[in-house]
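A short write-up of the structure that comes next.
Each ligand, and each atom within it, is numbered from 1 in the order the structure gives.
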Amino acid sequence: MKERTVDQFDPVCGDLVTDATHTVGHLGAQFVFCSVQCKERFQSHPGLFVGCPGEKAPKQAGEEVIKQRCMRLAFPLMARKANEVEDCLQNLLGVKAVNISEDHVDITYDLLLISAEEIEEKIIACGEYLGHSIRDRLERVFVHVGEQSEISSLEVHYKKKAD
Ligand SMILES: [Zn+2]
């Protein structure tokens, strides 16, 4: 069967999508995505990307929520491994810049597209360990909780018209 062709913008990354491989129905409309990553981001926080009549979602309004953080690793990385992990993080949607020096990962990203928690998961998937002192762990929890509440305050929540 031939792939259905479309000409629609991906509401997450803004790219033009020409085939309907990744789609989601939301509030009676059909949205298309360039990748599984964009599709999953949309499914977990549609209100960041699609608003309702009279209220634009932050992404539709052209907003970015830039975060700069320093994440601490459990062990310093040798230059070669540091480059490998940098490349891996650089390719993530929403990551603007990354620099690893010894056990510090300095990273800049757009919270509309990716969270610290997802970046940390990627670091672990690359085979590295995050700092495990109590302070490191508490800092991470603090960041995750803060980002979650920031995201939910930014999301446009579709309200049913009051009867
Ligand atoms: Zn996309």
Side-chain angles (χ1 to χ4, degrees), residues 1-71 73 77 81-100 104-128 130 140-160:
M1 209 172 84
K2 228 182 100 191
E3 207 67 80
R4 198 161 59 85
T5 56
V6 292
D7 237 353
Q8 239 177 283
F9 290 99
D10 181 325
V12 175
C13 67
D15 285 352
L16 184 66
V17 183
T18 52
D19 70 274
T21 309
H22 310 288
T23 63
V24 173
H26 175 69
L27 302 178
Q30 176 97 325
F31 295 92
V32 297
F33 304 89
C34 70
S35 63
V36 173
Q37 199 181 0
C38 285
K39 178 180 170 176
E40 285 178 350
R41 188 68 182 162
F42 182 83
Q43 285 175 310
S44 45
H45 304 290
L48 294 178
F49 308 103
V50 177
C52 34
E55 193 179 4
K56 273 188 179 174
K59 187 70 186 178
Q60 290 173 314
E63 287 172 29
E64 288 186 323
V65 182
I66 300 299
K67 299 285 172 191
Q68 270 183 295
R69 297 196 194 283
C70 175
M71 297 174 174
L73 300 172
L77 299 189
K81 183 66 188 179
N83 287 338
E84 205 180 301
V85 178
E86 272 177 17
D87 283 348
C88 177
L89 297 177
Q90 194 80 70
N91 287 329
L92 291 174
L93 178 76
V95 171
K96 303 264 183 191
V98 50
N99 179 57
I100 302 179
H104 288 74
V105 179
D106 289 299
I107 191 156
T108 308
Y109 58 96
D110 180 357
L111 181 61
L112 290 185
L113 299 177
I114 195 163
S115 66
E117 197 166 4
E118 288 163 322
I119 293 167
E120 288 162 8
E121 280 164 12
K122 191 69 180 178
I123 292 173
I124 294 166
C126 291
E128 295 312 319
L130 300 169
R140 286 200 294 274
V141 170
F142 185 75
V143 166
H144 299 167
V145 171
E147 287 194 349
Q148 276 159 21
S149 74
E150 189 170 353
I151 282 290
S152 60
S153 74
L154 289 168
E155 260 196 281
V156 173
H157 294 283
Y158 183 73
K159 299 165 209 85
K160 277 203 185 122

Considering all heavy atoms, the nearest [X]-[Y] contact:
X	Y	value
Cys38	Val12	O-CG2, 3.4 Å
Ile114	Arg41	N-NH2, 3.7 Å
Gly51	Val156	CA-CG1, 3.9 Å

Lys/Arg-Asp/Glu bridge criterion (N-O < 4.0 Å) met for Lys67, Glu147: no
Listed protein N/O/S atoms, distance to the Zn ion (ligand 1) under 2.8 Å: Asp10 OD2, Cys13 SG, Cys34 SG, Cys38 SG
Ring geometry between His26 and Phe42 (parallel below 30°, tilted from 30 to 60°, perpendicular above 60°): perpendicular
Heavy atoms of other groups near Lys122 NZ, more than 12 under 6.0 Å: no
